[in-house]
Q: 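One structure coming up, written as structure tokens, with questions to follow.
Within every chain, numbering begins at 1; the chains are lettered A, B, ... in the order of the sequence lines, protein sequences first and strands thereafter. What you see below is based on every heavy atom in this structure, not just the backbone, and it leaves out hydrogens, waters and symmetry mates.
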2 protein chains.
Amino acid sequence: MATTISQTRVSQRRQATIEELLDHAQAILDEEGAGAVTVSEVARRIGMRPPSVYKYFDSLHAIYDGLFARGQTRIVQAIEYAVRDREPGLASLLAGHRAFVEWSTRELGLASLMFWRPVPGFVPSPESMAAAQALSALGREELRVAVERGELAPAADSDEAARLLTVLVSGVFSQQASNQPGADFDAGLFTSLTDEVLAMFVRHYRPTP
Amino acid sequence: MATTISQTRVSQRRQATIEELLDHAQAILDEEGAGAVTVSEVARRIGMRPPSVYKYFDSLHAIYDGLFARGQTRIVQAIEYAVRDREPGLASLLAGHRAFVEWSTRELGLASLMFWRPVPGFVPSPESMAAAQALSALGREELRVAVERGELAPAADSDEAARLLTVLVSGVFSQQASNQPGADFDAGLFTSLTDEVLAMFVRHYRPTP
DNA sequence: GTCTATATGTTGATAGAC
DNA sequence: GTCTATCAACATATAGAC
């Protein structure tokens with residue numbers, strides 16, 4: 001029994017170290033881009049020797065995967081928070097996608113790792129991808145509800161419409177990130193188009209009265 | 001005089017070698033991503049020793065810049081070709097932006113270098129960026145003409161509308177490139193939305209009769 | 001212009017002492 | 001879990017012979 005408690009403590013400590021390593025990896029990602037994240041640099045920042053890092057991550061790719069998973073978790077949280085007291089359907093759909101752009105603008109490093117492919121050869125693990133799919137399923141479900149409630153035309157209850165929405169929000173993110181990376185959501189030349197872009201989508205799928 | 005002719009021949013040969021080196025660099029970019037382009041690998045492929053490459057490019061960054069400039073030149077050519085026998089205004093605007101997506105989908109390597117920022121520390125030179133600005137000026141001008149011809153509402157003659165268009169096409173490109181990189185334009189889950197997205201834009205700026 | 005040779009630095013990853 | 005030591009590989013870049 002004492003062993004179990006002790007193991008729990010150890011594993012909590014271990015998890016905390018993992019998160020701290022990811023904090024440093026994310027800082028590098030933000031400051032110098034994905035290509036600058038290396039085992040050595042992460043070790044340097046946390047004050048370990050490189051071999052020690054391998055006790056926590058099997059490889060450099062595992063660190064990327066940890067960052068990818070962290071991004072997925074966080075953006076889902078951001079969206080859930082934004083949607084928390086909205087009606088299901090169109091209101092949630094718009095609030096959620098707006099939150100998507102807001103979060104991505106704030107977390108440029110993680111977002112670029114998730115929505116671009118800046119690291120040659122890095123493919124997220126199936127576990128990390130599962131969260132990504134859950135996210136898109138969420139948007140898909142809100143489309144269904146919005147149509148059910150008569151807020152959007154029937155054609156909006158489709159995978160195509162869902163893809164169209166991701167095109168819009170990732171387009172805003174991409175242009176903002178590559179042309180004016182410093183700006184925040186309200187001041188950004190492209191992020192400030194978010195509501196207009198979403199309005200375009202709504203008009204495109206306006207229900208016939 | 002003989003000297004001048006000889007120098008011209010030499011400089012032509014030199015330019016040909018530069019293009020050949022860029023061909024190999026682009027092949028690496030396409031096959032393994034931007035991070036895999038190195039002076040050594042380019043040298044290996046063309047059959048030179050690495051130091052010889054420095055006679056043609058001052059640094060690795062200069063090779064990236066050459067690729068960036070090549071991409072700008074080629075996409076402008078692709079767009080001009082697509083627009084060659086269209087009426088100025090809306091028809092050209094749509095054909096041009098469609099060509100933008102088609103070219104980017106075909107040239108994933110160059111496009112990702114131009115529209116994402118995959119190389120830490122690499123910033124295109126002012127000369128290379130000039131071509132990029134010329135490209136956006138071209139789209140801006142077509143918007144002006146389209147409004148002049150009454151094909152779009154006056155609000156479309158604005159920098160905001162121009163940015164909105166870039167958001168749309170770069171969104172299509174980004175989603176296609178990161179989620180289904182192999183597919184070609186017609187089969188792509190996202191590129192096949194190009195016309196629909198452009199139709200959304202036209203509807204958004206439909207002139208009042 | 002191309003080469004050999006070299007300086008100098010980096011990386012990812014492993015073996016094994018403590 | 002952390003370290004030292006080390007590997008093998010690779011990189012950018014320069015000096016100088018031919």
Q: Please tell me if B/Thr38 has a side-chain N or O lying less than 4.0 Å from either OP1 or OP2 of D/dA11.
A: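 So the side chain of B/Thr38 is within the cut-off, an N or O lying under 4.0 Å from OP1 or OP2 of D/dA11.
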Q: Which residue in the set B/Trp103, B/Phe100, B/Trp116 passes ring-ring contact (aromatic ring centres under 6.0 Å, His included) when paired with B/Phe173?
A: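 In the set B/Trp103, B/Phe100, B/Trp116, the residue that makes a ring-ring contact (aromatic ring centres under 6.0 Å, His included) with B/Phe173 is B/Trp116.
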Q: Select base, sugar-phosphate, or nothing to describe what B/Pro50 touches, counting heavy atoms under 4.0 Å on all strands.
A: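 The residue B/Pro50 makes no contact with any strand.
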Q: Can you tell me how far the OG1 atom of B/Thr38 sits from the CD1 atom of B/Ile28, to the nearest 0.5 Å?
A: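 Reported value, rounded in 0.5 Å steps: 6.0 Å.
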Q: Rounding to a whole Å, what distance do you find between A/Gln15:CD and D/dG1:P?
A: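 In whole Å, D/dG1 P and A/Gln15 CD are 11 Å from each other.
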Q: OP1 or OP2 of D/dA11 less than 4.0 angstrom from a side-chain nitrogen or oxygen of B/Arg44, does that happen here?
A: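 Result: yes.
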Q: If you measure only the distance, is there a donor-acceptor pair under 3.5 Å linking the side chains of B/Arg70 and B/Gln26?
A: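 There is such a pair between these side chains.
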Q: Nearest to the side chain of B/Pro51, heavy atoms from C-beta on, is which of C/dG12, C/dT4, D/dC3?
A: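 The answer is C/dT4, which lies nearest to the side chain.
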Q: Taking the nucleotide of DNA chain D with the closest heavy atom to each, which residue, B/Ser59 or B/Lys55, is nearer the 5' end?
A: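 By nearest-heavy-atom nucleotide position, the 5'-most residue is B/Ser59.
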Q: Distance check needed: D/dT2 P versus A/Ile18 CD1, whole Å only.
A: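 To the nearest whole Å, that distance equals 11 Å.
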Q: Whole-Å distance between C/dT10 P and A/Glu32 CD?
A: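 Result: 13 Å.
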Q: Mind calculating the distance between CD (B/Glu41) and P (D/dA13) to the nearest angstrom?
A: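 The answer, rounded to whole Å, is 16 Å.
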Q: Contact class for B/Thr17 (heavy atom, under 4.0 Å): base, sugar-phosphate, or nothing?
A: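 Contact class for B/Thr17: none.
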Q: Are any of the side-chain nitrogens in B/Asp159 or B/Arg140 under 4.0 Å away from the carboxylate oxygens of its partner?
A: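 B/Arg140 and B/Asp159: salt-bridged.
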Q: Let me know the distance between OH of B/Tyr54 and C1' of C/dA7, rounded to the nearest Å.
A: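 That distance rounds to 13 Å.
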Q: Roughly how many Å is it from CD1 in B/Ile46 to P in C/dC3, rounded to a whole number?
A: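 Result: 10 Å.
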Q: Side chain of B/Met48, heavy atoms from C-beta onward: which of D/dT2, C/dT2, D/dA5 has the nearest atom to it?
A: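 Looking only at heavy atoms from C-beta outward on B/Met48, the closest nucleotide is C/dT2.
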Q: Rounded to whole Å, how long is the line connecting atom CG of A/Leu60 with atom C1' of D/dA9?
A: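 In whole Å, D/dA9 C1' and A/Leu60 CG are 16 Å from each other.
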Q: Closer to the 5' end of DNA chain C via nearest nucleotide, is it B/Arg14 or A/Val37?
A: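 Between the two, 5'-proximity favours B/Arg14.
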Q: Look up atom CD in B/Glu19 and atom CZ in B/Arg14, then write down how far apart they are to the nearest 0.5 Å.
A: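 Interatomic distance, B/Glu19 CD to B/Arg14 CZ, rounded to 0.5 Å: 12.0 Å.
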Q: Between C/dG12, D/dT2, C/dG1, which nucleotide has the shortest distance from any of its atoms to the side chain of B/Tyr56?
A: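 When the side chain of B/Tyr56 is considered, C/dG1 is the closest of C/dG12, D/dT2, C/dG1.
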Q: With respect to the side chain of A/Arg49, which nucleotide from D/dA13, D/dC3, C/dC3 is positioned closest?
A: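 Shortest atom-to-atom distance from the side chain points to D/dC3.
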Q: Could you state the CZ-P distance from B/Phe57 to D/dT14, rounded to the nearest angstrom?
A: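 Taking CZ of B/Phe57 and P of D/dT14, I get 16 Å after rounding.
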Q: Out of D/dT2, D/dA11, C/dT2, which nucleotide sits closest to the side chain of B/Ser40?
A: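 The nucleotide sitting nearest to the side chain is D/dA11.
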